[in-house]
Amino acid sequence: MTTPSENEPAAPSDFIRDVVAADVKSGKHVEIHTRFPPEPNGYLHIGHAKAICLNFGIAHEFGGVCNVRMDDTNPAKEEVEYVDSILADTKWLINGWADDNLGLKPTGKTPDTELAGEKPDFHLSAIRNPKSEISVEPFHASDYFDQFYEYALQLVRKGKAYVCDMTPEETDEYRRLGKEGPSRNRSIDENLDLLARMKAGEFPDGARTLRAKIDMSAPNIWLRDPVLYRIRHAEHHHTGNKWCIYPMYDFAHTLSDYIEGITHSVCTLEFEVHRPLYDWLLASLDLAHPLPHQYEFARLNITYTVMSKRKLMQLVNDGLVKGWDDPRMPTISGLRRRGMTASSLRSFAYNIGITKYPSMTDVAVLEHTVREELNRTAQRRLAVLHPIKVVITNYPEDRVEELEAVNNPEDPSAGTRKVPFSRELFIENADFMETPPPKYFRLRPGGEVRLKYAYIIKCDEVVKDDASKVIELHCTADLESKSGGSTSNRKVKGTIHWVSAPHAIDAEARLYDRLFTVPEPDADGDFKSFINPNSLEVVTAKCEPSLEGAVPELRYQFERLAYFALDPDSRPGRLVFNRTITLKDTWAKEAKKR
RNA sequence: UACCCCGUGGUGUAACGGUAACACAGCGCCCUUUGGAGGCGUUAUUCAUGGUUCGAAUCCAUGCGGGGUAGCCA
């Protein structure tokens, strides 16, 4: 019997949570409000999972809210398919943990105008744990386009923004040189007029921009009059053809945080140099306090994989994997299909911590976290991946025994099940060696091994085909050695798994391995040249009959082999299992030494 | 090149001016009807130099190393 609190790992501590805790203690914020703001231009990956666990973790631990927000200000790259997958993956990851802290909004809802002090202001509050009868959706930066435009006008009127006529190339050069451009000192009226005409669609793409007027000689590039709006005559997945000018990240992101009442805006390190601009925007507009503050942490890197959305998209588009949710992908949907649970991903996120050091996490940490949970929870089953036939010559042909097998030795409440035993069996090909090396204690000619839950058998005869390939083993069982019996105490060194041949059911087993052969595939050269050619092996497994009732919710340990999860490709009578992760195999290490 | 950030065992993190610790990985042993799990043990750490201090991983300076930014991407 476990209580919910026991299911949750102890809340971690890090420099960002320290700040939040201090802000709560000082009364700076009444309610903590974070946000998870992905751009819908790809699927979420395990790096996003780190960000989700951080942002939702903070909301959860401090009784606050975390908004899911589509940062959709670039119509050229974004699609609804991604919006849908992002929400689904996020919900899956926080399910049963931080559902109550998920901030969404009623479908179609946009900000309300309120009076903040003497000035009009815009707010959009989150509803958490929305009632099922109302339709909800994630927040969208594109829902604030009207407000953004109002704020842009405010900046222009204050003389803090101007319409710039330079080409992209000129803009780059002037910024590099720290030189002021010719349009910089236009009158406010002219800027207002030009901005209105930009919005009205009078100019082609790229003809003009709206720029913040800050300081072209600032040491920080992002303070050298950054672009706030650009002209893009493009249809937007959420706002259609309403706009032909679109706000840039810094402008939209900062004000989205403000509009949603975000208290702690947590992002990755590459935005660190943008923080002065974030603060400048908030300070330059007349906004009600308290204002949000930005904090940065290091993004996740893991060995033997790649993490950037661009590279993941290449793998998909080049057909190197079967889709965004291919179980070899580090995407949330891929890891889920692989059989990793949301709770183990959360544990992983807690284990790796939050710092500003650009680290490379050993994939072994992820694998360990997954094994740790699966060892506690997975149902044990007998299945043979690479079968070889065994005939128990002294066992009657028509006899079948139902043997009792333990479902989970780590959890007695998981109970037991019956497994049929008969004269003809399959065992794992690797569990027999004709001329074994030292320290090999499985089956060999003349040798003995225990069949788990059954008898000790002795290999009498090795049957080979014309090509000298071993195709069958003839063995005799010590009928007195049956597991659980009064004379079952005989010890032999090895115990192997098996499946009764006439009772076995076939299942497709997809044996996944690391996608890349090197720890840092994107360190140098073309990452695609390091693809592991053996990242997927498909075999027909011989499974104990109880696996017929396998369900996608459960995880299975095929004893002595690996953890498996049912794949969505499964159909009645045609099971497909994905290998989530192998058991740690110390024999493999022993064998490797020789 | 300029600006910003970061340097603690092999890897990832903790220690918040007071005995450098935890996890993973590695190695060894024990146990085992999963060569799994578990138990026990073990190897190995503050980038460098100087300064402040009774005392520095922690504060300061310089150097070195790594990362980020320099899109009308986010």
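Proteins come first, then strands; the chains are lettered A, B, ... in the order of their sequence lines, and each starts at number 1.
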Rounded to whole Å, please give me the gap between [atom1] in [X] and [atom2] in [N].
X        : N      : atom1 : atom2 : value
A:Leu374 : B:rG38 : CG    : C1'   : 18 Å
A:Lys309 : B:rC73 : NZ    : P     : 16 Å
A:Leu228 : B:rC72 : CG    : P     : 12 Å
A:Phe251 : B:rC73 : CZ    : P     : 16 Å
A:Tyr350 : B:rC22 : OH    : P     : 23 Å
A:Ile354 : B:rC6  : CD1   : P     : 16 Å
A:Glu428 : B:rG36 : CD    : P     : 16 Å
A:Ile352 : B:rA25 : CD1   : P     : 16 Å

[X] side chain, from C-beta outward: closest of [options]:
X        : options                : result
A:Pro219 : B:rG12, B:rG35, B:rC3  : B:rC3
A:Tyr440 : B:rG35, B:rC24, B:rC72 : B:rG35
A:Ala364 : B:rU13, B:rC24, B:rC72 : B:rC24
A:Lys584 : B:rA37, B:rC73, B:rG35 : B:rA37

OP1, OP2 of B:rA74 versus side-chain N and O of A:Thr73: anything below 4.0 Å?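 Yes, within the criterion.
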Check whether any side-chain N or O of A:Thr171 sits under 4.0 Å from OP1 or OP2 of B:rG71, and answer yes or no.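 Checking B:rG71 against A:Thr171, no side-chain N or O comes under 4.0 Å of OP1 or OP2.
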Could you check whether [X] gets within reach of a base, just the sugar-phosphate, or nothing at all, counting any heavy atom under 4.0 Å?
X        : result
A:Asp585 : sugar-phosphate
A:Thr209 : base
A:Arg275 : nothing

Which protein N or O atoms sit under 3.5 Å from an N or O of nucleotides 56-58 of chain B?
none

Between [M] and [N] - [atom1] atom distance, rounded Å:
N      : M      : atom1 : result
B:rG9  : B:rA23 : C1'   : 13 Å
B:rU45 : B:rG10 : C1'   : 11 Å
B:rA57 : B:rA21 : C1'   : 12 Å
B:rG68 : B:rC16 : C1'   : 26 Å
B:rU62 : B:rA25 : P     : 42 Å
B:rA20 : B:rC47 : P     : 15 Å
B:rA74 : B:rC60 : P     : 36 Å

Identify all pairs in which a protein N or O lies below 3.5 Å from an N or O of nucleotides 27-34 of chain B, and state each distance.
from	atom 1	to	atom 2	distance (Å)
B:rU33	OP1	A:Lys491	NZ	3.0
B:rU33	O4'	A:Thr495	OG1	3.2
B:rU33	O2	A:Tyr453	N	3.1
B:rU33	N3	A:Ser483	OG	2.2
B:rU33	O4	A:Arg450	NH1	2.8
B:rU33	O4	A:Arg450	NH2	3.4
B:rU33	O4	A:Ser483	N	3.3
B:rU33	O4	A:Ser483	OG	2.5
B:rU34	N1	A:Glu559	OE1	3.4
B:rU34	O2	A:Gln557	OE1	2.9
B:rU34	O2	A:Arg560	N	2.8
B:rU34	N3	A:Gln557	OE1	2.6
B:rU34	O4	A:Arg380	NH1	2.2

Looking at CZ of A:Arg211 and OH of A:Tyr174, how far apart are the two atoms once the value is rounded to the nearest 0.5 Å?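 One gets 10.0 Å once the value is rounded to the nearest 0.5 Å.
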Chi class for B:rG71: syn within 90° of 0, otherwise anti: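 Classified syn.
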For the residue pair [X] and [Y], does the interplanar ring angle fall in the parallel (under 30°), tilted (30 to 60°) or perpendicular (over 60°) class?
X        : Y        : result
A:Phe148 : A:Phe145 : tilted
A:Trp243 : A:Tyr149 : tilted
A:Phe271 : A:His274 : perpendicular

Polar-atom pairs under 3.5 Å, protein N or O versus N or O of nucleotides 62-70 of chain B: list them with distances, or write none.
from	atom 1	to	atom 2	distance (Å)
B:rU69	O2'	A:Trp222	NE1	2.7

Just by modelled atom types, is the A:Thr167 backbone N or O under 3.5 Å from a matching donor or acceptor in the A:Glu170 side chain?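 Judged by distance alone, yes, a pair lies under 3.5 Å.
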Looking only at side-chain N and O atoms, does A:Glu373 offer a donor or acceptor that is under 3.5 Å from a partner on A:Thr341?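 Side-chain D/A pair, A:Thr341 to A:Glu373: present.
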Please report the closest heavy-atom contact between A:Asn408 and A:Asn375, naming both atoms and the distance.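 Minimum heavy-atom contact is OD1-O, 3.8 Å.
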As a check on the pairing definition, encode RNA chain B in dot-bracket form, counting Watson-Crick and G-U wobble pairs whose two distances are under 3.5 Å, and using | for partners outside this strand. (((((((..((((....[..)))).(((((.......)))))....(((((..]....))))))))))))....
Do any N or O atoms of the protein come closer than 3.5 Å to N or O atoms of nucleotides 40-47 of chain B, and which pairs are they?
none

Got a sec, which residues hit ring-ring contact (aromatic ring centres under 6.0 Å, His included) with A:Phe421, two or more places apart in sequence or on another chain?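 If we apply the ring-ring contact (aromatic ring centres under 6.0 Å, His included) test to A:Phe421, skipping adjacent residues, the hits are A:Tyr395, A:Tyr455, A:Trp498.
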